[in-house]
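Here is the structure we will look at.
We count ligands from 1, going down the list as the structure has it; atoms in each ligand are counted the same way.
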Amino acid sequence: MSEEIKLLRPFTGTGCVFFPLGLPPKGTCEFATKKCLTECYAIQEKFPHYDIELAIPEEEKHIIYDYIIKCSVKWIVEKMVRELDGLQTPILHWFGSGDCPTKDISKISEIIKTLNNYSITQMGFTRNFELWSRHRDIFALTIENTKNLPETNGGEIFSIPNYRKETTNMYCPVRDLEVTACGSLVCKDKRDKSREHYINCCACKSLRMGCFDRMEKAG
Ligand code: SF4
């Protein structure tokens with residue numbers, strides 16, 4: 001297999017997996033709502049200059065997706081670990097765009113479990129409830145609001161997009177609180193303004209903010 005393809009792309013201080021946008025079979029957003037199909041930040045035709053990292057052509061995302069779905073878990077994991085080293089970040093970010101379709105849950109889950117054998121941090125966003133259920137300590141489940149929240153064990157984190165403001169609010173069910181507003185330029189701790197920082201997941205990790213603002217490890 002070619003070493004040329006890069007499975008991970010730099011994004012907010014992480015190495016990020018970008019999957020194709022839109023409903024299957026064209027894209028991977030199987031659980032997209034009507035609203036996110038029309039208002040998601042990732043579907044913009046032209047990104048602001050500071051968001052050049054998001055301007056990945058859809059054809060490239062299809063190539064990344066095909067590699068991840070068709071190649072062996074061992075090859076993918078070893079390549080991702082090398083790429084994170086090259087990007088000089090310990091964080092692997094799932095789904096800067098797109099999502100995990102139902103048919104790919106086992107493969108993605110196997111990759112996540114194998115990556116856990118390395119000293120890297122995984123985080124990310126999904127609307128795929130089953131994937132989230134299997135990896136609650138890694139994913140924020142994206143939902144529209146806090147009505148009908150799934151049962152939680154305390155450590156989960158949810159992501160509630162605000163399309164108008166181009167932010168995502170990270171919701172902690174134990175505190176019954178939106179703890180962080182993430183995007184588009186900065187990440188704001190809603191309880192402590194002094195912790196605001198340029199959007200960067202490594203900063204969030206060290207401050208235990210945003211996706212890392214969990215009460216305890218979710219199993
Ligand atoms: S909340 Fe923080 S960790 Fe989560 S995506 Fe935003 S910058 Fe990254």
Which residues satisfy the salt bridge (Lys or Arg N to Asp or Glu O under 4.0 Å) test with Glu39, sequence neighbours excluded?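 Partners of Glu39 by the salt bridge (Lys or Arg N to Asp or Glu O under 4.0 Å) criterion come out as none, since no residue qualifies.
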By salt bridge (Lys or Arg N to Asp or Glu O under 4.0 Å) - contacts of Asp51 (at least two apart):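 With sequence neighbours excluded, Asp51 shows a salt bridge (Lys or Arg N to Asp or Glu O under 4.0 Å) to no residue whatsoever.
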Which atoms from ligand 1 have a heavy atom of Ile199 less than 4.0 Å away?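 Numbered from 1, ligand 1 contributes 7 (S).
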Quick note on ligand 1: atoms under 4.0 Å from a heavy atom of Phe125 include exactly 5 (S)
Under-4.0 Å salt bridge between Arg9 and Glu60: yes
Taking 4.0 angstrom as the limit, do Glu144 and Arg127 come out as a salt bridge?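 So Glu144 pairs with Arg127 through a salt bridge.
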For Asn200, which part has a heavy atom under 4.0 Å from ligand 1: side chain, backbone, both, or neither? backbone
Show all protein N/O/S atoms under 2.8 Å from atom 4 (Fe) of ligand 1, or state that there are none.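 The answer is Cys211 SG.
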Okay, side chain of Glu30, backbone of Leu23: is any donor-acceptor separation there less than 3.5 Å? no
Would you find a donor on one side and an acceptor on the other, under 3.5 Å apart, between the side chain of Asn162 and the backbone of Thr167?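 Flag not set: sc Asn162 to bb Thr167 has no pair under 3.5 Å.
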For Phe129, which residues count as a ring-ring contact (aromatic ring centres under 6.0 Å, His included) partner, sequence neighbours excluded? Trp132
